[in-house]
**Student:** 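Here's a structure for you.
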Amino acid sequence: MKKGKKAMELYEVLIHLILIGLLFAVFFGSSIGNVNSRNVRQQVLEKQLALLIDSAIPGTTLTVSKVNFKGNVDRIEVKEGSVFAYVEGLAVSKGYQYFTKYSVAITQDQNKIYIKIT
Amino acid sequence: MIRSKKAALGESVLMLYRIIMITIIAFVIFGISAVFYTYYIDVRHSEAGILSKQVINCISPEGILDLNKISGYENKILDYCKIKNTGRFYVNVTITGESGKEMGVLQNGDSGLMWVKDLYDSNANLNSIKQYAPGFYHPDEGYNVQVIDKAGKYNGVVNIDVLVNNEF
């Protein structure tokens with residue numbers, strides 16, 4: 001009887017610890033994204049690209065290496081007048097608007113992403 | 001049996017309370033790290049400079065400003081220039097003749113942004129909302145152009161003000 005009671009208590013403590021561990025794992029995992037400053041690097045890349053697209057003349061091609069010493073660029077997209085950059089595994093991007101009247105198209109190969117203004 | 005059922009219910013309530021408290025603590029930790037490590041990069045002054053160059057090149061290609069062609073677009077000059085996503089911008093172009101007399105004004109956007117800019121330029125303590133200050137560009141000197149309108153052809157000077165609002 002006593003052994004059964006102790007086992008139950010141990011079981012409850014273990015459940016509590018596992019739940020607490022899971023919760024903190026989720027939130028620390030979210031915090032790591034901020035501490036790594038991936039969001040800042042994403043913001044820098046998006047705004048740099050938007051400014052370059054705005055000031056480019058037709059026929060210009062901007063080249064972005066996928067592997068940089070400051071981090072990897074997973075992909076770049078242009079949608080509805082905004083440029084979105086995804087770096088270091090970040091799945092979400094706010095994007096930044098550009099205002100050029102010219103068309104913007106994106107192509108890529110294994111190592112580089114090309115942004116063509118026509 | 002009834003006693004142990006009540007005890008089990010009490011234990012569940014306590015566990016729920018503990019989980020809620022831990023969730024609140026985890027949110028606080030996450031919130032502090034999100035606020036502490038967030039950084040806003042302001043490129044609106046650069047955007048304003050680029051936009052002013054695009055507008056000047058659009059309305060006066062090769063230095064000739066034909067007001068007859070722009071007729072009807074005096075209040076939507078960015079539409080004339082086919083500039084996209086103009087919601088954040090205010091553009092004011094003033095054309096003056098050789099005598100210094102104002103010959104025309106071309107605009108686009110909400111002129112109220114200039115009041116917001118003046119507020120930030122004053123010495124008011126607005127550091128906590130600095131990221132909402134509009135970007136601004138005004139060249140030190142105007143651009144010399146040849147103006148063509150109904151009166152004929154003459155030399156003029158174009159001055160431009162460009163304001164870029166925040167993207168929030």
Side-chain angles (χ1 to χ4, degrees), chain A residues 1 4-5 8-9 11-58 78-83 94-104, chain B residues 4 7-8 11-12 14-55 57-58 78-89 91 108 135 162 164-168:
Chain A
M1 194 70 179
K5 198 178 172 184
M8 277 301 294
E9 282 174 6
Y11 176 71
E12 282 169 11
V13 167
L14 272 174
I15 296 274
H16 284 163
L17 283 173
I18 289 167
L19 279 170
I20 290 165
L22 275 172
L23 269 169
F24 270 97
V26 167
F27 286 107
F28 277 128
S30 307
S31 302
I32 281 169
N34 287 338
V35 173
N36 279 347
S37 70
R38 289 185 299 174
N39 289 329
V40 175
R41 282 181 274 164
Q42 182 187 60
Q43 206 186 140
V44 166
L45 183 59
E46 284 172 354
K47 290 183 178 178
Q48 278 182 334
L49 286 174
L51 290 179
L52 285 168
I53 289 168
D54 288 335
S55 51
I57 56 174
V78 283
K79 267 185 288 187
E80 295 167 1
S82 295
V83 59
K94 277 190 207 170
Y96 198 72
Q97 281 186 338
Y98 56 84
F99 56 77
T100 184
K101 60 184 178 184
Y102 304 117
S103 300
V104 181
Chain B
S4 70
E11 196 61 39
S12 309
L14 263 178
M15 192 163 118
L16 190 64
Y17 164 76
R18 284 175 197 153
I19 288 173
I20 289 170
M21 285 304 297
I22 288 157
T23 308
I24 290 170
I25 291 167
F27 264 116
V28 166
I29 293 168
F30 178 62
I32 290 171
S33 71
V35 167
F36 188 74
Y37 288 108
T38 301
Y39 189 79
Y40 175 67
I41 295 161
D42 190 0
V43 299
R44 285 167 295 180
H45 292 302
S46 305
E47 263 188 301
I50 293 169
L51 182 59
S52 75
K53 182 184 156 194
Q54 301 289 21
V55 170
N57 285 340
C58 163
L78 293 182
D79 288 349
Y80 172 79
C81 294
K82 297 186 177 65
I83 302 284
K84 294 180 199 166
N85 297 324
T86 59
R88 290 189 298 133
F89 305 138
V91 175
N108 202 118
V162 176
V164 179
N165 205 356
N166 63 72
E167 67 266 31
F168 304 117

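Note on naming: letters A, B, ... go to the chains in the order of the sequence lines (proteins, then strands), and numbering restarts at 1 for each one.
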**Student:** How far apart are the closest heavy atoms of B:Ser46 and A:Leu51, and which atoms are they?
**Tutor:**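 Distance-wise, the nearest heavy atoms are CB-CD1, 4.0 Å.
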**Student:** Rounded to the nearest 0.5 Å, how far does CD of A:Gln97 lie from NZ of B:Lys84?
**Tutor:**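 That separation rounds to 11.5 Å.
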**Student:** Would you say the side-chain atoms of B:Gln54 pair up with the backbone N or O of A:Thr100, donor to acceptor, closer than 3.5 Å?
**Tutor:** no
**Student:** Tell me, please, which residues at least two apart from B:Tyr40 pass ring pair (Phe, Tyr, Trp, His ring centres under 6.0 Å).
**Tutor:**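 Partners of B:Tyr40 by the ring pair (Phe, Tyr, Trp, His ring centres under 6.0 Å) criterion, ordered by chain and then number, come out as B:Phe168.
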**Student:** Against chain B, label A:Leu19 side chain, backbone, both or neither, depending on which of its atoms sit under 4.5 Å from a heavy atom there.
**Tutor:**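 The answer is the side chain of A:Leu19.
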**Student:** List, one per line, each side-chain donor-acceptor pair under 3.5 Å for residues 15-31 of chain B, sequence neighbours excluded.
**Tutor:**
unit_1  : atom_1 : unit_2  : atom_2 : d
B:Arg18 : NH1    : A:His16 : ND1    : 3.4
B:Thr23 : OG1    : B:Ile19 : O      : 2.7

**Student:** Restricting to non-hydrogen atoms, name the atom on A:Gln43 and the atom on B:Ile41 that form the minimum distance, rounded to 0.1 Å.
**Tutor:** OE1-N, 2.8 Å
**Student:** How many angstroms lie between atom CG of B:Asn85 and atom CD of A:Glu80, to the nearest 0.5 angstrom?
**Tutor:**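 If we round to the nearest 0.5 Å, B:Asn85:CG and A:Glu80:CD are 9.5 Å apart.
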**Student:** I'd like to know whether CG of A:Leu17 has more than 12 heavy-atom contacts from other residues, nucleotides or ligands below 6.0 angstrom.
**Tutor:** yes
**Student:** Which bit of A:Tyr102 comes within less than 4.5 Å of chain B, counting heavy atoms only: side chain, backbone, both or neither?
**Tutor:** backbone
**Student:** Are B:Val43 and A:Tyr96 side-chain neighbours, meaning at least one heavy-atom pair lies under 4.5 Å?
**Tutor:**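 Heavy-atom side-chain distance check passes, below 4.5 Å.
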**Student:** From the options B:Ile50, B:Leu78, B:Thr86, select the one residue that forms a side-chain contact (heavy atoms from CB on, under 4.5 Å) with A:Phe99.
**Tutor:** B:Ile50
